[in-house]
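Okay, structure first, notes after.
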Amino acid sequence: MQQYQYSILARDVEPLLPVLEELGIGLVAYFPLARGFLTGHVASRDQYAADDFRQNLGWWAPANFAKNVEIAKELTSLAAAKGVSLSQLALAWLLTRKDYIVPIPGARNQQRVSENISAAELVLTDADLKRIDEIAPNGGIGGRIWGE
């Protein structure tokens, strides 16, 4: 089993998926909700303390933040059309990628746990998957880890 950050916004692991599949290695996808971007509850850097981790992530950089919020808004519209939350859409998307990918979202309360679990029941059509790829073909704008 291998762990890697993977979400609609963090897709740089995708070139490795054929190798993992060939070797029979599963992937635990951490931060599947893109450090909050795919929950619909993010704020700009100026809303966080100077020592908050988001101060050092490219997704929150002033040149990138609005673009990533726009991606999240478009994904939220798709989710709403399906009658689900953005988080559920993001988790369901991961579950469509490969059978050996297991997302591990954080959850602060029982309601979030239930919401996350119900994402496994969401069926995404080929049109839904195509639309997600149109919205975020290469993931988010800017780096997803420190210093990018």
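Residue indices begin at 1 and follow the sequence shown. Here the structure is a predicted model, which is why all the values come from computation and not from measurement.
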Mark yes when over 12 heavy atoms from residues, nucleotides or ligands other than Asn138 sit less than 6.0 Å from its CG; otherwise mark no.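 At most 12 heavy atoms, drawn from other residues, nucleotides or ligands, come within 6.0 Å of this atom.
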
For Asp126, is the CG atom crowded, meaning more than 12 foreign heavy atoms sit under 6.0 Å from it?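 No.
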
Heavy atoms, side chains only, cut-off 4.5 Å: are Leu57 and Arg35 in contact? yes

Where is the tightest heavy-atom contact between [X] and [Y], given as atom of each residue plus distance?
{"X": "Leu75", "Y": "Ile132", "answer": "CD2-CG1, 4.0 Å"}
{"X": "Ala136", "Y": "Ile8", "answer": "CB-CG2, 3.8 Å"}
{"X": "Tyr100", "Y": "Leu17", "answer": "OH-O, 2.9 Å"}

Do Gln55 side-chain atoms and Ala49 backbone N/O form a donor-acceptor pair below 3.5 Å?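 Yes, Gln55 side chain to Ala49 backbone: donor-acceptor pair under 3.5 Å.
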
Are the ring centres of Phe65 and Phe37 closer than 6.0 Å? yes

Report the C-alpha distance between Asp12 and Tyr4 in whole Å, list the side-chain angles of each, state the deciding distance to 0.1 Å, and finish with yes or no for side chain to side chain contact (heavy atoms under 4.5 Å, CB included). CA-CA 10 Å; Asp12 53 329; Tyr4 205 85; 3.5 Å; yes

Do the charged groups of Lys67 and Glu70 touch, with an N to O distance under 4.0 Å?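 No, no charged N to carboxylate O under 4.0 Å.
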
With distance as the sole criterion, is a donor-acceptor pair present between the side chains of Ser85 and Gln88 under 3.5 Å? yes

If hydrophobic clusters are built by linking Ile, Leu, Val, Met, Phe, Trp and Tyr wherever their side-chain heavy atoms come under 4.5 Å apart, do Leu16 and Trp93 end up in the same one?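 Yes, one cluster joins them.
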
For residues Ile101 and Ile117: do they belong to one hydrophobic cluster (side chain heavy atoms under 4.5 Å, members Ile, Leu, Val, Met, Phe, Trp, Tyr)?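 No, no single cluster joins them.
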
